[in-house]
Amino acid sequence: MKIDFIVNDKPISVDVDPDMPLLWVVRDELGLKATKYGCGKALCGACTLHLDGDAIRSCSFPVQYVANKKVRTLEGLCLNKETLHPIQQTWIDENVPQCGYCQPGFMMAAAKFIETNDNPTEEEIKSGITNICRCGTQPRIIKAIKRAVAIKQSTQPKDKL
Amino acid sequence: MTTANTKKLSRRKFFQRGAIVLGGVIVATYLGRGVIRRFAAQLAEDMDAPALIANNESLIWFEILPDNTVLIKSPKIEMGQGIFTGFAMLAAEELDVSLNQIKVIHANTADGPVDRISTGGSSSTSSLYKSIREMAAYIREMLKETAAKKWSVSVFKVNTQDGILSSEAHKITYADLAKSTIEWEEPATPELRPASQFKFVGKEVKRTDLRPKVFGEPIYAIDQSLPDMVYATLLQSPYIEAIIRHMEIKEALKQLGVIRVIQEEDLVAVIAKNRYAAEKGLEKIRVEWDIPEKWQQAEIEKLTKVGVGNEVSVQKVGSAKGILKENNDEVFTEQYRTSIGAHAHMEPNGAIANYHNGKLKIIIGTQAPDLLRKAVASALDLSVDDVEIELTFAGGAFGRRMDTKLAIGAARISKIIGKPVQLFNTREQEFLNGVYRPQTHHVLAAKISQTGAVEAVTHDQATPDQIFAQIPADLGPTVFGADFISAGHGASIMYNVENKAATMWHNKLPIEVGIWRGVGMFANTFAIESFFNELAYKTSNDPIAFRIELLQGKEKINQRCVKVLETLREKSEWNQTKAGGIGRGMAICNDRKTISAVVAEVKVMDKKIQVVKITQVIDAGLAINPDGIRMQVEGATMMGITAALYEEIIIEDARIINSNFDKYPMVTLADTPKINVVIVEGEVVPLGVGEPPLSPVAPAIAAAVFDLTGQRLRSLPMKLS
């Protein structure tokens, strides 16, 4: 089945099994490898990306439902490597990744989280993201999210706060 | 001009650091087995882990690139530990370049020095601490000698800074000199710079692999592809020791995208145009399995029990067993258990293989490239020279990437179909067809004297082989009797007790078992430290003061332990009053000379244990990258909490029931305590960091739970009643 959608601001067209999860389409058909396979059952969050602005777990999302929608992967999170998204910036500031495999999913989940939570408490951060990391980067992920929230607050126009 | 002690070198030659060999085998004939086993067990406990570098002939570790950066080919794999960053820092100390002028990549078997054993045992940095600096110093001196000759100046007048050689009016970059030089001047072996002159070691440095990981670059094996590559999935039995009685592949072949199904006696695989089709095809194969025995959890547990299997003594000081036997009615004894565990690393195991014209290439994130190369060569009846292993970053490992099964499977499939193939486990296969951290059973017994001193203590531990199950070694079962290297690691009692003994009971499980992050030390520390917390309580002693008393001594290791405990007491505010509803407990471990100690604070809500704060003090010797150490301690703490509270492989009807993360819970952000890491530097050389800080976490939590609830939880994972 031919399916048209937009990935990282670029219109694309794929001809694949409509049941194929979006994860495998972006990875193997489009060659965007940042989005990771972790569990195949929407349990670990390694495959998190944005669909029309929402964070979804793409391993369990059939590509047929993506038609005419906008997909954003970690490759498209920042404009270029000099102008980082606050989440990428604070992931660097806090020296977050270890093996790094789960981090794209965490960063996409966190990018959405700070967009919808202006001034989250630590408890809200802890319950707001349920991704899994085996290396144990959770303490730094929490710090990086807090720091990204602060960046976002300092760069937002005052009347929006 | 050249100095007198240099000679010409047309081929770059770099040195090797020797390996440590377990030398006790020969003595065995004279001493008898019991003694040699104890000797070897203690040697393994104390030894500095060696780095055995394969391909030891003039292979290039370092390259100076045209853009005046230095490439280092690491013999050890980066699986999250941060070793590439430490290697860059060490090389920079001697090379006189900035950190961003160094790039560390993995060595491949085709062109670099890979480790002969494995990346593991928290040994990467400590084993290469000296050799990386030696080679860097050697290269620097070689550049200087060559520049001195080129400019006809004394080598003492040549300066090196930021990758530039200079002498008065002369100036040339390392790269330009390398480009224009055919005959190198070989210097005398240079002296290493003393620690007092270190510019990078000890500084807060960001990971060198940070940016690729934050931008999601394709650095893992699962991200790689080759032209014309197809995707495969491997049929693996969901039941223990089951074999195929009958199989039907018709429906699998009908799956859109499936190219073929390979059916050989010991290899059934679905080949497809994409990963999704390969997975769907596999689901559609109908298999009837012959299950030889319907294993249940209770039966599995009985297999690992003190008193069952081969008995091997690993520690004997005084006559502990005799004293306990004679005073049977005064003996205090307790039992402890740890569960079977999975690795649950985030990138499942797998490999890419390309068999072409009798030559094979494997792309994989493996901990043991040299062992894998030999295993694959043997399985495909190839010469080792015809097998190339290309290494990638590993998406977690924790011991699971000692595996050879999937690389061999991929290689065989590629040979059969004549194309490159990518073969990865599904998450379900990773849980059901893994190699597990085996369960353990421990019995500890002690006699306390009239004055309240510990007069005698014994530790009996039962578990299957761990590392011995994964590295083929004839020595293991015959001479040593049990796997003292990993299963027995930490089984001996470190405290000053006049009469003490440790015994291993070697037994087997029907599932594949192997190493895991700090595997033996983790289980043994849980048992021994839990027991010593109980002894402290029984003798009305403060657990930290009790341990300090039992660790008095002139030996450096004792003094370092005491320093760590005193630091822990201060930094955890041990003597301050606790907040209401909080329990507090502690534990310590000595993991091949790295000392780590933990104070855990917990609370309990609706019978759920919540760890709220961890203070961990670590003395891993010289701290090369302090933030790298903190990352490892934080990570080991989180994995330690998972091991203490959640993880447990369960077997029902010959099948592992933990098929995915929903049935194998692990910590999330919600479980994250406040973690305070304190670094003590009690040695002038670096020691291991990756594994040691995991071990004291579970016994400290158990002690904190007792402090709060009065319940002694002696089995992992802990469950409140």
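Residue numbers begin at 1 in each chain, while the letters A, B, ... track the order of the sequences. It should be emphasised that the depicted structure is a prediction, and the values quoted were computed from it without experimental measurement.
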Please check if the number of heavy atoms outside Lys206(B) that lie under 6.0 Å from its NZ is greater than 12.
yes
Ile141(A) versus chain B, heavy atoms under 4.5 Å apart: side chain, backbone, both or neither?
side chain
Is Lys280(B) paired with Asp19(A) through a side-chain N to carboxylate O contact shorter than 4.0 Å?
no
What part of Thr637(B) lies closer than 4.5 angstrom to a heavy atom of chain A: side chain, backbone, both or neither?
neither
So what's closer than 4.5 Å to chain B heavy atoms on Asp93(A): side chain, backbone, both or neither?
backbone
Given that the side chain runs from C-beta out, which part of Tyr37(A) has a heavy atom under 4.5 Å from chain B: side chain, backbone, both or neither?
both
Please assess Val63(A) against Tyr276(B) for the test side-chain contact (heavy atoms from CB on, under 4.5 Å), listing each intermediate value before the final yes or no.
CA-CA 12 Å; Val63(A) 68; Tyr276(B) 174 66; over 6 Å; no
Is Leu84(A) in contact with chain B via its backbone, its side chain, both, or neither, using a 4.5 Å heavy-atom distance?
side chain
Going from CG on Leu74(A) to CD on Glu217(B), what distance comes out if it is rounded to the nearest 0.5 angstrom?
10.0 Å
Do you know which two heavy atoms are closest between Cys99(A) and Tyr220(B), and how far apart they sit?
O-OH, 2.7 Å
Name the region of Leu43(A), side chain, backbone, both or neither, that has any atom closer than 4.5 Å to a heavy atom of chain B.
side chain
Taking every heavy-atom pair that is under 4.5 Å apart, which of Gly257(B), Ala344(B), Pro218(B) has the most such pairs with chain A?
Ala344(B)
Which atoms of Gln255(B) come close to chain A, meaning under 4.5 Å heavy atom to heavy atom: side chain ones, backbone ones, both, or neither?
side chain
Can you check whether Asp28(A) reaches Tyr231(B) side chain to side chain, under 4.5 Å on heavy atoms?
yes
Per-residue contact mode, Val96(A) against chain B (heavy atom under 4.5 angstrom)
backbone
So which atom in Pro97(A) and which in Arg207(B) form the shortest heavy-atom distance, rounded to 0.1 Å?
O-CD, 3.1 Å
Taking the side chain as everything from C-beta on, heavy atoms only, tell me whether Asp662(B) gets closer than 4.5 Å to Lys41(A).
no
So what's closer than 4.5 Å to chain B heavy atoms on Met20(A): side chain, backbone, both or neither?
both
Is there a salt bridge (charged side-chain N to carboxylate O under 4.0 Å, His left out) between Lys33(A) and Glu347(B) once you walk through the steps?
CA-CA 13 Å; Lys33(A) 304 288 190 181; Glu347(B) 180 196 19; over 6 Å; no
Does the side chain of Thr668(B) come within less than 4.5 Å of Asn131(A)'s, by heavy atoms?
no
Measure distances from Val205(B) to the heavy atoms of chain A and classify the residue's part below 4.5 Å as side chain, backbone, both or neither.
backbone
Minimum side-chain heavy-atom gap Cys102(A)-Met346(B) below 4.5 Å
yes
What part of Glu123(A) gets within 4.5 angstrom of chain B, counting heavy atoms only: side chain, backbone, both, or neither?
neither
Residue Lys284(B) excluded, over 12 heavy atoms near NZ under 6.0 Å
yes
Which atoms of Glu204(B) come close to chain A, meaning under 4.5 Å heavy atom to heavy atom: side chain ones, backbone ones, both, or neither?
neither
Okay, Ile675(B) and chain A: the region with an atom under 4.5 Å from a heavy atom over there is side chain
Would you mind checking which part of Gln81(B) comes under 4.5 Å of any heavy atom in chain A, side chain (CB onward), backbone (N, CA, C, O), both or neither?
neither
Minimum heavy-atom distance between Met666(B) and Ile132(A), given as atom pair plus value
CE-CG2, 3.3 Å
Starting from the C-alpha separation in whole Å, work towards a yes-or-no answer on side-chain contact (heavy atoms from CB on, under 4.5 Å) for Phe215(B) and Leu77(A).
CA-CA 9 Å; Phe215(B) 290 122; Leu77(A) 190 62; over 6 Å; no
Would Gln138(A) and Met638(B) count as a side-chain contact (heavy atoms from CB on, under 4.5 Å) if you check the C-alpha gap in whole Å, the side-chain angles of each, and the deciding distance to 0.1 Å?
CA-CA 8 Å; Gln138(A) 294 90 350; Met638(B) 295 307 290; 3.5 Å; yes
Is there a side-chain contact between Gln98(A) and Met631(B) (heavy atoms, below 4.5 Å)?
yes
Chain A heavy atoms under 4.5 Å from Phe424(B): which part of the residue, side chain, backbone, both or neither?
neither
Under 4.0 Å between a side-chain nitrogen and a carboxylate oxygen: does that hold for Arg140(A) and Asp627(B)?
yes
Given a strict heavy-atom distance threshold of 4.5 Å, which part of Ala670(B) is in contact with chain A: side chain, backbone, both, or neither?
both
Atom of Gly38(A), atom of Phe661(B) and distance for their closest heavy-atom approach:
O-CE1, 4.0 Å
Stepwise, does the salt bridge (charged side-chain N to carboxylate O under 4.0 Å, His left out) test hold for Lys36(A) with Asp223(B)?
CA-CA 9 Å; Lys36(A) 296 297 191 240; Asp223(B) 300 335; 3.0 Å; yes
List the atom of Val214(B), the atom of Met107(A), and the distance in Å for their closest heavy-atom pair.
O-CE, 3.4 Å
Region of Trp24(A) that comes under 4.5 Å of a non-hydrogen atom in chain B
side chain
Is atom NZ of Lys608(B) surrounded by more than 12 heavy atoms (other residues, nucleotides or ligands) closer than 6.0 Å?
yes
Please report the shortest heavy-atom distance between Leu210(B) and Ile92(A), naming the atom on each side.
CD2-O, 3.6 Å
